Protein chains: 2
Amino acid sequence: MQIATWNVNSIRTRKEQVLAWLNEHPVDVLCLQETKVIDRDFPRTPFESLGYSVYVSGQKSYNGVAIFSKQPLDSFHCGFTPVLGEEIVGNYDEQKRVISGVIDQVRIVNVYIPNGSSVGSEKYDYKMGWFEILNQYLEKLLTEREICLCGDFNVAPDDRDIYDPTGKDNHIMASPQERSAIEAIKKLGFQDAFRKLNHEGGQYSWWDYRTRAFSKNRGWRIDHHFLTEGLYEKVSNCWIDIIPRQQEKPSDHTPVIVEF
Amino acid sequence: MQIATWNVNSIRTRKEQVLAWLNEHPVDVLCLQETKVIDRDFPRTPFESLGYSVYVSGQKSYNGVAIFSKQPLDSFHCGFTPVLGEEIVGNYDEQKRVISGVIDQVRIVNVYIPNGSSVGSEKYDYKMGWFEILNQYLEKLLTEREICLCGDFNVAPDDRDIYDPTGKDNHIMASPQERSAIEAIKKLGFQDAFRKLNHEGGQYSWWDYRTRAFSKNRGWRIDHHFLTEGLYEKVSNCWIDIIPRQQEKPSDHTPVIVEF
DNA sequence: GTCGAAGGGG
DNA sequence: CCCCTTCGAC
């Protein structure tokens, strides 16, 4: 089974590129982030024509997640609330950042973790609060079955995951507190699929548009698959496909694919 | 000599299509309207690389005209003021709608005539006032040499030039007053090059984006070449190329070419 | 429908 | 740098 994750930065703008990529890489599951479209306007049909079942949870302008799956998903839900209840979740489901379903007794959890703006900002606090809810949500789901938790985490787990880590310890996506949140996920029993087979740095999944970072390969590895032990041990490959980032009008992220 | 006119609805957005068209149709002169860009930001270089001299008169967001010419232009000017003086022109040169130069003893006058919004509106009055100044401007230039007056006139000269003329006599681009303004130009000695060789209706140069008018061929012929007698008698062909209007992300207008 | 602008976001 | 929205224009 191949499961890919890709922050597409607007599915309507990236539709043709995603279709072309799926034709070349007919993965079993594709998890999308930043679809930026309400469910009614999601361009489902072309992906359904490719043989995918399409599951979406979107909002206007911002955020939004989706799962394309060759097999229909079981036990599908959106947001934290169906698992944790409104009491615990509060308003953390207002932004559409979580979508999940089960395929072959594996629960896929597709997340778009808040960016956090800058360390210490209000949005940073929201990010950290979001991680706490995510932790509780995962704890509940772990009682059921194996989990593939993937998506855009907006965190580079360690210094190998940044083109130049010097002076980045107070930088968003690299602060100790954000990395602790990743460690907490690992403590639950999740392991970084990419790091099973790739031990070197220098492989990235996101390059900032603003500084023309891609042409200088000033990237970050912030898109991940975190797997429970039963899946992790079966991982045969995990790689980043930078080709889509080289196209005309690309997303700032590029797909990451795990195979097990 | 071939002279084309094309309202491109933003030269920056249409750059590649105009380049592709010029490669297929290496006309001697291309007159553009609605370039929608200040002169500093006009993408001159790709057209110069094709062998054209580039003359521009643009403004931010709206209007804007340009001439591409295989031979450099003589006696080049922009607006009415160089010919009529500020006294007569008033503020009619604030909007960039006129550009002119001489090639092979022929004066090219490229115009983007105001749309006029709706009959009786303030913008309609501006359009009619603009026609009056144009008339005076042409009278002056007629003392010099033959003239090719071309561009987007925003007027369908007669009922053959509208897909369905019924009930259009109070419609913008078809009102008696606008058609009188075209008649006044003819009275100065100009003749509609397209009508020398095409007597039937049903050939259009503009189709509204809004109503998907192109797919239903609900068009208007509002882009013209008006020629003085010495040129008109030499006209060997005049045709509308609808291919560019069939492309992806087209302008709402398509090129019209005269040959003499 | 499509354009450019302006403003918010990353 | 690129996306989205809202706006006026045609």
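In what follows, every heavy atom counts, from backbone to side chain, and hydrogens, waters and symmetry copies are set aside. As the structure is a computational prediction, the values presented were derived from the model and not from experiment. Letters A, B, ... are given to chains in the order of the sequence lines, protein chains preceding strands, and every chain is numbered from 1.
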Rounded to the Å, how far apart are B/D152 CG and D/dC10 C1'? 10 Å
Taking the side chain as everything from C-beta on, heavy atoms only, tell me whether B/F190 gets closer than 4.5 Å to B/L149. yes
For a quick test of reading the model: is some side-chain N or O of B/S251 closer than 4.0 Å to OP1 or OP2 of C/dT2? no
Measure CG/A/D208 against P/D/dC3 and give the value in whole Å, please. 14 Å
With a 4.0 Å limit, can you tell me whether A/R212 has a side-chain N or O closer than that to the phosphate oxygens OP1/OP2 of D/dC2? no
Choosing from C/dG10, C/dT2, D/dC10, which nucleotide comes nearest the side chain of B/N115? D/dC10
Go through residues 157-174 of chain A and report each residue with a non-hydrogen atom lying under 4.0 Å from DNA chain D, sorted by number. none
Are the side chain of A/R179 and the backbone N or O of A/A156 linked by a donor-acceptor pair below 3.5 Å? yes
Can you tell me how far P of C/dG4 sits from CD of B/Q95, to the nearest Å? 18 Å
For D/dC3, does OP1 or OP2 lie under 4.0 Å from any side-chain N or O of A/R12? no
Is there a side-chain polar atom (N or O) of A/R210 under 4.0 Å from OP1 or OP2 of C/dG10? no
With the criterion being N/O to N/O and under 3.5 Å, what pairs connect the protein with nucleotides 6-9 of chain D, and how long is each?
unit_1 : atom_1 : unit_2 : atom_2 : d
D/dT6  : OP1    : A/K60  : NZ     : 3.4

Going by heavy atoms in the side chains, are B/K36 and B/V8 under 4.5 Å from each other? no
Find the distance B/K96:NZ to C/dG4:P and express it as a whole number of Å. 20 Å
For D/dC3, does either OP1 or OP2 sit under 4.0 Å from a side-chain N or O belonging to A/S61? no
Within the structure provided, determine whether A/S205 and A/F194 are in side-chain contact (heavy-atom separation under 4.5 Å). no
Send over the distance from A/Y112 OH to C/dG9 C1', rounded to a whole Å. 9 Å
Gap between atoms CG and P, on A/N7 and D/dC3 respectively (whole Å): 12 Å
Checking side-chain polar atoms at under 3.5 Å, does B/W207 have a donor or acceptor matched by the opposite partner on B/N217? yes
Phosphate OP1/OP2 of D/dC3: any A/K249 side-chain N/O under 4.0 Å: yes
A/R97 CZ - C/dG9 P separation (whole Å): 13 Å
Whichever of A/T211 and A/S10 has the more 5' nearest nucleotide on DNA chain D, that residue is A/T211
Report yes or no: do A/D152 and A/W206 form a side-chain donor-acceptor pair below 3.5 Å? no
Ignoring hydrogens and geometry beyond distance, is a side-chain donor-acceptor pair present between B/Y62 and B/Q95 at under 3.5 Å? no
